Amino acid sequence: MASKKSKKTMESINSRLGLVMKSGKYVLGYKQTLKTLRAGSAWLIIIAKNCPPLKRSEIEYYAMLASTGVHHYTGNNIELGTACGKYFRVSCLSITNPGDSDIIMPKDEAKRE
């Protein structure tokens with residue numbers, strides 16, 4: 001059973017992620033995420049808990065080079081896909097424009113502008 005605090009933060013990230021899906025721009029998947037990191041257009045990377053370690057470390061390395069934030073999603077890839085409103089699994093996603101959501105921290109926005 002998940003603790004109360006972790007369940008609340010998971011609901012928070014899910015609601016913010018749903019708002020990004022409606023009003024922002026994003027790409028799903030490993031290859032597209034790497035492309036946005038290389039291009040420097042990624043604002044935030046979200047990685048599922050069961051993403052393979054090699055892919056996870058490569059994404060984290062590119063994110064470190066691009067000075068992009070990485071969030072480790074507490075659920076697996078099925079739950080991340082459901083949070084995105086999709087009927088398939090999503091191991092990682094890249095948010096390129098948050099839209100109306102406040103999923104990006106204010107300090108990150110100041111760094112971008």
Side-chain angles (χ1 to χ4, degrees):
M1 184 78 188
S3 68
K4 195 172 191 179
K5 182 167 175 102
S6 69
K7 190 173 181 182
K8 187 175 181 183
T9 57
M10 187 148 172
E11 288 174 3
S12 174
I13 192 75
N14 284 352
S15 63
R16 290 177 177 172
L17 200 51
L19 196 54
V20 168
M21 296 299 138
K22 289 179 185 171
S23 65
K25 291 187 184 277
Y26 61 93
V27 294
L28 302 174
Y30 172 71
K31 288 182 181 179
Q32 294 294 319
T33 298
L34 287 183
K35 284 182 185 178
T36 60
L37 281 169
R38 286 190 203 114
S41 60
W43 284 59
L44 178 69
I45 307 297
I46 300 178
I47 304 174
K49 180 174 65 175
N50 63 342
C51 184
L54 186 62
K55 288 184 177 184
R56 177 189 304 259
S57 62
E58 188 174 2
I59 290 169
E60 288 171 347
Y61 177 70
Y62 275 106
M64 184 262 310
L65 291 178
S67 64
T68 302
V70 176
H71 176 75
H72 296 282
Y73 191 75
T74 54
N76 59 13
N77 56 2
I78 299 170
E79 293 168 2
L80 183 57
T82 304
C84 293
K86 306 297 179 191
Y87 294 110
F88 48 84
R89 297 171 290 192
V90 175
S91 64
C92 57
L93 69 104
S94 170
I95 298 172
T96 56
N97 183 1
D100 297 333
S101 177
D102 61 342
I103 198 165
I104 311 287
M105 303 301 167
K107 61 182 172 102
D108 294 338
E109 282 187 33
K111 184 175 66 174
R112 284 287 186 181
E113 293 172 356

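Worth saying up front: this structure is predicted, and the values here are computed from it rather than measured.
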Legend entry - Interatomic distance, Cys84 atom SG to Met21 atom CE [nearest 0.5 angstrom]: 3.5 Å
Legend entry - Lys31 side, atom NZ; Lys55 side, atom NZ - distance, nearest 0.5 Å: 8.5 Å
Inset, instruction - Go through the side-chain N and O atoms of Thr36 and Ser94 and say whether any donor and acceptor fall under 3.5 Å apart. - result: yes
Legend entry - Between Tyr73 and Asn50, a side-chain donor and acceptor under 3.5 Å: no
Legend entry - Ser91 side chain vs Asn77 backbone, donor-acceptor pair below 3.5 Å: no
Inset, instruction - Look only at the side chain of Trp43 and the backbone of Thr96, and say whether a donor-acceptor pair between them is shorter than 3.5 Å. - result: yes
Legend entry - Chi angles and distances behind the side chain to side chain contact (heavy atoms under 4.5 Å, CB included) call for Asn14, Thr82: CA-CA 9 Å; Asn14 284 352; Thr82 304; over 6 Å; no
Inset, instruction - For Thr68 and Leu44, indicate whether the former's side chain and the latter's backbone hold a donor-acceptor pair under 3.5 Å. - result: no
Inset, instruction - Look at the side chain of Ser57 and the backbone N and O of Leu54, then say whether any donor-acceptor pair between them is shorter than 3.5 Å. - result: yes
Legend entry - Cluster link Tyr26 to Ile13, ILVMFWY, side chain under 4.5 Å: yes
Inset, instruction - Can you measure from CG (Leu93) to CD (Gln32) and round to the nearest 0.5 angstrom? - result: 12.0 Å
Legend entry - Interatomic distance, Leu17 atom CG to Ser12 atom OG [nearest 0.5 angstrom]: 10.5 Å
Legend entry - Distance, nearest 0.5 Å, that separates CD of Glu60 from SG of Cys51: 9.0 Å
Inset, instruction - Among Ile, Leu, Val, Met, Phe, Trp and Tyr joined by side-chain contacts under 4.5 Å, find the other residues sharing a cluster with Ile45 and list them by chain and number. - result: Tyr30, Leu34, Leu37, Ile47, Ile59, Tyr62, Val70
Inset, instruction - Start with the C-alpha gap between Glu79 and Lys49, add the side-chain angles, then the distance that decides, and say whether side chain to side chain contact (heavy atoms under 4.5 Å, CB included) holds. - result: CA-CA 10 Å; Glu79 293 168 2; Lys49 180 174 65 175; over 6 Å; no
Legend entry - Leu28/Phe88 under side chain to side chain contact (heavy atoms under 4.5 Å, CB included): CA gap, chis, key distance, verdict: CA-CA 11 Å; Leu28 302 174; Phe88 48 84; 4.0 Å; yes
Inset, instruction - Of all the heavy-atom pairs spanning Ser23 and Ser101, show the shortest one and how long it is. - result: OG-N, 4.3 Å
Inset, instruction - State whether the side chain of Arg38 and the backbone N or O of Ala66 hold a donor-acceptor pair below 3.5 Å, judged by distance alone. - result: no
Legend entry - Gap separating the CZ atom of Arg56 from the SG atom of Cys92, nearest 0.5 angstrom: 10.0 Å
